[in-house]
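Worksheet: the structure to be examined is printed underneath.
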Amino acid sequence: MAYFFDEPSRTFSEYLLVPGYSDTNCIPSNVSLRTPLVKYKKGQQPLLSLNIPLVSAIMQSVSGEQMAKALAREGGLSFIYSSQSIEEQSAMVARVKAFKAGFVPSDSNLRPEQTLKDLIALKKLKGHSTIAITDDGSANGILLGVVSSRDWRPSRMSEDTPIATFMTPFERLVYAREGVSLSEANDIIWEHKLNTLPIVDASNRLRFFVFRKDYESHKENPNELLDKQKRYIVGAGINTRDYKSRVPQLIESGADVLCIDSSEGFSEWQKLTLSWIKAQYGDAVKVGAGNIVDREGFLFLAESGADFVKVGIGGGSICITRETKGIGRGQATALIEVAKARDEYFERTGEYIPICSDGGIVHDYHMTLALAMGADFLMLGRYFARFDESPTEKVNVKGSYMKEYWGEGSARARNWQRYDLGGDGKLSFVEGVDSYVPYAGPLKDNVQLSLSKITSTMCNCGAISLDELQQKAKLTLVSSTSIIEGGAHDVLLKDSNDLPKK
Ligand code: RVP
């Protein structure tokens with residue numbers, strides 16, 4: 001006979017946190033949101049951690065290179081989507097790794113024989129007033145000089161004037177050699193009262209500019225998630241079909257962590273993928289697996305060698321798997337059961353395998369609930385799709401700005417590998433939709449607001465670390481009538497249509 005779970009499966013909105021005692025040390029500025037990303041042994045430290053417990057979903061409409069940089073800057077991580085060619089995905093990873101915070105490739109370049117007229121046109125086009133003058137007019141040509149807005153006066157100079165006659169020539173420039181650190185570059189900027197410092201290689205080819213203003217903004221990101229070489233940490237999705245060719249290229253491109261992207265992870269395909277990666281690379285390559293929604297699924301992936309396990313089937317905002325196939329489980333129930341299995345596994349084996357709650361986060365308070373229920377970190381799609389940094393179009397729909405957001409199982413993404421069960425290599429039916437989400441502006445502002453709510457609630461629960469939150473949290477189910485009590489009720493909202501008309 002089939003197995004029946006005793007409890008119905010529940011979602012985040014059916015729970016609330018009951019505050020605990022908070023002492024005077026419990027203030028948001030004392031809260032640490034640092035959390036393990038990959039498994040570790042008792043008494044040891046994980047090789048990779050996150051500074052904030054947020055990762056962006058492995059989706060075409062969410063995790064491209066801009067998202068990866070912006071999220072790593074805040075302390076989180078993106079998994080670059082795998083539903084693209086191996087070459088394109090590896091190139092995206094490589095570009096994130098090549099990006100050096102504060103080191104900006106020059107985007108306005110001219111040759112010395114060009115004229116003031118060319119310079120004015122370029123400034124109008126790009127909007128930048130620092131222009132590199134290189135032998136071939138490219139961003140990495142031999143640096144011959146620099147023009148800033150202080151070097152030319154359109155009212156007094158003819159438009160035919162060659163740039164060579166008014167640029168600051170290389171001999172008079174203050175520059176630094178490639179390899180200089182950002183803080184050393186900043187010291188040079190201060191010593192010489194510069195706005196811009198060119199960085200050149202041993203053959204005097206221009207590599208980057210460091211701008212005074214960028215160093216200041218770099219200092220505003222104390223949580224940046226960086227590797228030992230001060231590059232952003234980035235993840236990449238893989239599938240259980242082409243991993244033998246995809247994984248080596250992603251590793252070659254510098255991916256720091258991988259994750260098998262699958263709608264249902266309790267399968268031999270995942271075990272084969274994990275076994276192959278571990279046989280090739282040992283512990284040097286970290287790879288997460290999933291998604292599962294119960295204890296059995298967790299234990300299977302833990303024993304198959306997963307470095308973290310992703311929890312969630314059918315709760316994603318664009319996901320219609322539950323309606324289409326009748327599989328899935330309420331996200332809160334799934335998470336609570338898997339967190340318990342993780343803790344028991346740790347107790348039994350001394351190995352802590354972090355779990356990621358994937359999908360279904362609608363309100364900021366859901367993030368805190370998920371963390372309190374035992375998630376080590378959270379994967380979000382809809383949340384990040386709304387920001388400037390997601391790869392999709394910002395469009396005006398009936399007077400409001402929206403961003404496009406589509407599921408990996410939608411007809412638009414056609415990510416058949418995510419749903420494949422050894423079939424014929426095509427998406428036979430859709431499990432996701434194509435949608436709009438309200439545009440919400442820059443990632444930084446939104447993430448900081450969400451985190452401030454999380455840290456504030458944690459303090460209400462008497463916790464200044466995520467571990468402490470999980471130990472101390474008291475959660476209660478809510479009745480449908482108490483949910484009504486939780487919103488504004490029995491008042492006439494001033495900006496609503498409820499007020500009586502004159
Ligand atoms: P959400 O944050 O609620 O938008 O959910 C994002 C998650 O939804 C993804 O991380 C993934 O697990 C799942 N997803 C992605 N595509 C689809 C689909 O087309 N069904 N589902």
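Atoms within each ligand, like the ligands themselves, are counted from 1 in listed order. Note that this is a predicted model, so its numbers are computed, not measured. FYI, the numbering just counts along the sequence from 1.
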Quiz item: So among Val437, Asp364, Leu443, which one has a side-chain contact (heavy atoms from CB on, under 4.5 Å) with Tyr383?
Solution: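 Passing option: Asp364.
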Quiz item: Which one of Ile336, Leu16, Val18, Leu369 satisfies the side-chain contact (heavy atoms from CB on, under 4.5 Å) criterion with Leu475?
Solution: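 Testing each of Ile336, Leu16, Val18, Leu369 against Leu475, the sole residue satisfying side-chain contact (heavy atoms from CB on, under 4.5 Å) is Leu369.
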Quiz item: What's the spacing between Phe300 CZ and Ile292 CD1 if we round to 0.5 Å?
Solution: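 Those atoms lie 11.5 Å apart.
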Exercise. To the nearest 0.5 angstrom, please state how far the OG1 atom of Thr273 sits from the NZ atom of Lys244.
Key: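 These two atoms lie 9.0 Å from each other.
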Quiz item: Is any N or O atom of Ile320, backbone or side chain, closer than 3.5 Å to an N or O atom of ligand 1?
Solution: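 Min N/O separation from ligand 1 is not below 3.5 Å for Ile320.
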Quiz item: Do any nitrogen or oxygen atoms of Gly360 come within less than 3.5 Å of a nitrogen or oxygen of ligand 1?
Solution: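 Yes; the residue has a nitrogen or oxygen that sits under 3.5 Å from a nitrogen or oxygen of the ligand.
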Quick test: of every protein heavy atom, which one is nearest to [atom], and how far off is it to 0.1 Å?
atom	result
atom 18 (C) of ligand 1	Tyr419 OH, 3.1 Å
atom 20 (N) of ligand 1	Glu431 O, 2.7 Å
atom 21 (N) of ligand 1	Ile318 CD1, 3.6 Å
atom 19 (O) of ligand 1	Gly409 N, 2.7 Å
atom 13 (C) of ligand 1	Arg418 NH2, 3.7 Å
atom 2 (O) of ligand 1	Gly381 N, 2.8 Å
atom 8 (O) of ligand 1	Gly316 CA, 3.6 Å
atom 16 (N) of ligand 1	Glu408 N, 2.9 Å

Practice problem: Could you tell me whether ligand 1 has any atom less than 4.0 Å away from a heavy atom of Gly312? | Solution: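 Flag not set, Gly312 not near ligand 1.
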State the atoms of ligand 1, each with its element, that fall below the 4.0 Å cut-off from a heavy-atom position in [X].
X	result
Arg382	1 (P), 2 (O), 4 (O)
Ser317	1 (P), 3 (O), 4 (O), 5 (O)
Met379	10 (O)
Met59	9 (C), 15 (C), 16 (N)
Cys319	20 (N), 21 (N)
Leu380	2 (O)

Quiz item: Think Lys394 forms a cation-pi with Tyr401, using NZ or CZ under 6.0 Å from the six-ring centre and within 45 degrees of its axis?
Solution: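 Positive - Lys394 is close enough to the ring of Tyr401 and near enough to its axis.
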Self-check item: Quiz item: cation-pi between Lys453 and Tyr365, 6.0 Å / 45°
Solution: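 No, Lys453 does not lie over the aromatic ring of Tyr365.
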Quiz item: Counting only heavy atoms, which portion of Tyr405 has something under 4.0 Å from ligand 1: side chain, backbone, both, or neither?
Solution: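 For Tyr405, the contact with ligand 1 is made by the side chain alone.
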Practice problem: Please test Glu408 against Arg418 for salt bridge (Lys or Arg N to Asp or Glu O under 4.0 Å), starting from the C-alpha separation and ending with a verdict. | Solution: CA-CA 8 Å; Glu408 287 296 295; Arg418 186 171 196 273; 5.9 Å; no
Quiz item: Below 4.0 angstrom, N of the basic side chain to O of the carboxylate: do Asp256 and Lys286 qualify?
Solution: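 Looking at Lys286 together with Asp256, the answer is no, because their closest N to O distance does not fall below 4.0 Å.
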Quiz item: Are Asp388 and Lys444 close enough for a salt bridge, meaning some N to O gap below 4.0 Å?
Solution: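 So Asp388 does not pair with Lys444 through a salt bridge.
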Exercise. State whether a side-chain donor-acceptor pair under 3.5 Å links Glu252 with Ser90.
Key: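 No pair is found: no donor N or O on one side chain lies under 3.5 Å from an acceptor on the other.
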Quiz item: Going by atom types alone, do Ser13 and Thr11 pair a side-chain donor with an acceptor below 3.5 Å?
Solution: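 No - no donor-acceptor pair under 3.5 Å links their side chains.
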Quiz prompt | From the candidates Asp358, Leu378, Asp434, the one that places a heavy atom nearest atom 9 (C) of ligand 1 | solution =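 Of the listed residues, Asp358 has the closest heavy atom.
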Quiz item: In terms of ring plane angle, is the pair Phe377 and Phe308 parallel, tilted or perpendicular, where the classes change at 30° and 60°?
Solution: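 Taking Phe308 first and then Phe377, their aromatic rings stand perpendicular (interplane angle over 60°).
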